[in-house]
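Below is one structure; the comments refer to it alone.
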Amino acid sequence: MKQTRARQSRPTRRLTAAGVGVVLLFSLPFRSALARLELEADKAQATRPVRALPAYEQPVQGRPAPGNAPPLEALLQAVSPIAGKRSDPKALDLAACYQMAAIRWDQLKIDYQTLRAQQAVVTQTLSAFFPQFSWENMQSFQNTTGVIPTVSGVAVGTSQGYFSFNSINTTWLLFDSLRQQNRVAAARADAAAQSYTLQRDYQMLYLNVAQAFYQELNYEGSVSILEDQIAALQGLVTELEYRLKIGRSRPADVFQGQANLAAAVAQREGYVGLMNQYKATLNYYLGIGPEKVNLKETQPFPSSQSLEEYLVHVGSRPDVLAQLQLLRAQKAQLAVAIGNFGPRAGVAGSYFLSHQPDSPVVWTVNIVATMPLFTGGLLTSTVREERALVHVAELQVENLKRTADQNLRIAFALFNAAVEQVLQYREQVEVSALYYAAQRDDFQRGVAQLLDVLVALNTYQQARLALHQTEMNARYQLVNLFVQAGLTPTNIDATGLPLQNVLRTGPPVGPNSPPVLKASIP
């Protein structure tokens, strides 16, 4: 057995040794060829530059400094183009702009004068409850004698062709089926509606000013971002022109950089025009001149709230309360129309100061009562008209509530969407800043192309633009949300329109009792 194994192992060893020899024999030509190729490559490298682009750490002496973007930390700090204006004492924030606009806004002054006129109507209707006094002088000439003149249905003497007297007359309404009380209720409701309309106009002015305010900041920041992009492109074009002179870049690269630069300048000029447009709009509200419009944003985002926390305020929005007051006024007018069917009583009297000719009558007092019996359907048709107007007012209240609820829900959805976009764009800005910094460094090392750098720069700047514009939109949507919920302060005291004691604290007399109103508008 041992001899058999030995015999079998000897041929195997011979074959293995032969295979190794064959491999070594065939590997010798390949090794010599490879060594020959490496030697030729070393000789070729000795006759040409080491690399096509110089290393970033070894700049060529005397060449212009490349206009590159600042380091990554500075890039991230400069994301918001208007953040540095928060500490500017001369810049105007939204509250200051709103106060300046409210002082000179003509519609608020018109509303205020309309409210004062409606308050005068309330006083006029209240005056019917008090007696009315007047002085009367009468000179009567007649062509007959023996006529007995009368005053308030009372004979005062015998005329001799001439009669005169001086008297003080009075009238006093005693009862008119509550018509006058309902007129007072309607007038007070109209005054309350006008006061709420004034408050709502303050809130709508705040929304309009906020829209112009954030649009101006939007385009102002966009112009600043594009100026940063233009500066980076100018530096890149300068770098490419230098490389073209030394033969390390193509003319097409220079043209491509110049084309991107021209496009950025054109986009900036478009934003400059829009910025000036909203500066003119702010000048319309503020009246300080477009060249003096210098804005800053100081309002932080509030904490998150649910939709229900805003919906509970819709019913107390000023325009909804104004429409409710108009409904109460219309119901009071219906009660006035119904009261026309009832009786009316009053007192009329006169006190004679002098008579010519003499008369023993010194004073007269008459109690007069009237009641309509038939008016040809006039009173009935008036009641039908007032009832129809009451139904119209009720439908207007319901429609306004539904519209307010819809607008609030839309504003809430838009604000939440804008906030989510702001968060996503912040992340995109951070990533695109890393992307641009990496492409910039790779380009200077010669391992990236110009197109890659331009794409990275455009991606970063467009991300900054999107973040800034979305943030301004989110802040405007926040103001819109508060206005739709009726939570914006009216700030009346700061506008020179002190509306003190314009509403009574108790309910007016009438068939309907509105809720207790404040004695003065906040």
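As the structure is a prediction and not an experimental result, all values here were calculated from the model.
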If I take atom OG1 from residue Thr281 and atom CG from residue Asn208, how far apart are they, to the nearest 0.5 angstrom?
10.5 Å

Is the shortest heavy-atom distance from the side chain of Cys97 to the side chain of Leu286 under 4.5 Å?
yes

Flag the pair Leu389 / Leu334 as yes when at least one side-chain heavy-atom distance between them is below 4.5 Å, and no otherwise.
no

Test ring pair (Phe, Tyr, Trp, His ring centres under 6.0 Å) on Trp105 and Tyr206 and set out the steps.
CA-CA 11 Å; Trp105 190 237; Tyr206 184 70; over 10 Å; no

Are a donor atom and an acceptor atom from the side chains of Gln107 and Asp111 found within less than 3.5 Å of each other?
yes

Do Lys90 and Asp88 sit within salt-bridge range, that is, some charged N less than 4.0 Å from a carboxylate O?
no

Are more than 12 heavy atoms from other residues, nucleotides or ligands located less than 6.0 Å from atom CZ of Arg116?
no

Looking at Asp405 and Arg409, does any basic side-chain N land under 4.0 Å from a carboxylate oxygen?
yes

Answer with yes or no whether the side chains of Gln396 and Gln323 bring together a donor and an acceptor at under 3.5 Å.
yes

Heavy-atom check, side chain of Gln469 versus side chain of Gln215, under 4.5 Å:
no

Worked verdict on Leu324 versus Val397 for side chain to side chain contact (heavy atoms under 4.5 Å, CB included):
CA-CA 6 Å; Leu324 288 173; Val397 170; 3.5 Å; yes

Quick one: does Ser316's side chain have a donor or acceptor within less than 3.5 Å of a partner on His313's backbone?
yes

Closest non-hydrogen atom pair between Tyr285 and Ala212, with its separation
CE1-CB, 4.5 Å

Would Glu420 and Asn416 count as having a side-chain donor-acceptor pair, cut-off 3.5 Å?
no

Provide the closest heavy-atom pair for Thr197 versus Ala322 in the form atom of the first, atom of the second, distance.
OG1-CB, 3.8 Å

Test Arg328 against Gln333 for side chain to side chain contact (heavy atoms under 4.5 Å, CB included), laying out the working first.
CA-CA 9 Å; Arg328 295 187 178 102; Gln333 292 294 343; over 6 Å; no

What is the distance from atom CG of Leu327 to atom CG of Leu400, rounded to the nearest 0.5 Å?
12.0 Å

Hey, does the side chain of Asn283 reach the backbone of Gly289 with a donor-acceptor pair shorter than 3.5 angstrom?
yes

Basic-acidic side-chain contact under 4.0 Å: Arg475, Glu297
yes

Is any side-chain heavy atom of Leu226 less than 4.5 Å from a side-chain heavy atom of Leu465?
yes

Rounded to the nearest 0.5 Å, how far does CG of Leu217 lie from NZ of Lys85?
6.5 Å

Pairwise side-chain contact, Gln461 with Leu457, heavy-atom cut-off 4.5 Å (strictly under):
yes

Decide yes or no for Val455 and Tyr435: does some side-chain heavy atom of the first lie under 4.5 Å from some side-chain heavy atom of the second?
yes

Between Ala411 and Leu481 the two heavy atoms that sit nearest each other are CB-CA, 3.9 Å

Minimum heavy-atom separation for Lys292 and Ile288, please, with both atom names.
CD-O, 3.3 Å

Sub-4.5 Å side-chain heavy-atom contact between Glu394 and Lys331:
yes

Quick check for you: to the nearest 0.5 Å, what is the distance between Tyr196 atom OH and Leu326 atom CG?
12.0 Å

Classify the ring geometry between Tyr310 and Phe412 as parallel (under 30°), tilted (30 to 60°) or perpendicular (over 60°).
tilted

Nearest 0.5 angstrom please: Phe482 CZ to Leu478 CG, how far?
5.0 Å

So does Arg464 pair up with Asp228, basic N to acidic O under 4.0 Å?
yes

Mind listing the closest non-hydrogen atom pair of Gly315 and Leu321 along with its distance?
O-CD2, 3.8 Å

I'd like to know if the side chain of Arg104 reaches the main chain of Tyr284, judged simply by a donor and an acceptor atom lying under 3.5 Å from each other, with no hydrogens or angles considered.
yes

Checking Ser224 side chain against Gly221 main chain: does a donor-acceptor pair fall under 3.5 Å?
no

Nearest 0.5 Å, please: how far is CG in Leu282 from CD in Gln277?
11.0 Å

With side chain to side chain contact (heavy atoms under 4.5 Å, CB included) as the test, would you mind laying out the steps for Asn294 and Leu92 before giving the verdict?
CA-CA 6 Å; Asn294 183 21; Leu92 300 174; over 6 Å; no

Is Gln325 close to Asp190 at the side-chain level, that is, under 4.5 Å between some pair of heavy atoms?
no

Inspect the contact between Lys296 and Glu220 and indicate whether a charged nitrogen and a carboxylate oxygen are less than 4.0 angstrom apart.
no

I'd like to know whether Ile82 forms a side chain to side chain contact (heavy atoms under 4.5 Å, CB included) with Met472, so could you lay out the CA-CA distance, the side-chain angles of the two residues, the decisive distance to 0.1 Å, and finally the verdict.
CA-CA 11 Å; Ile82 62 172; Met472 294 299 101; 3.7 Å; yes

Nearest heavy-atom approach of Arg200 to Val483 is NH1-O, 2.9 Å

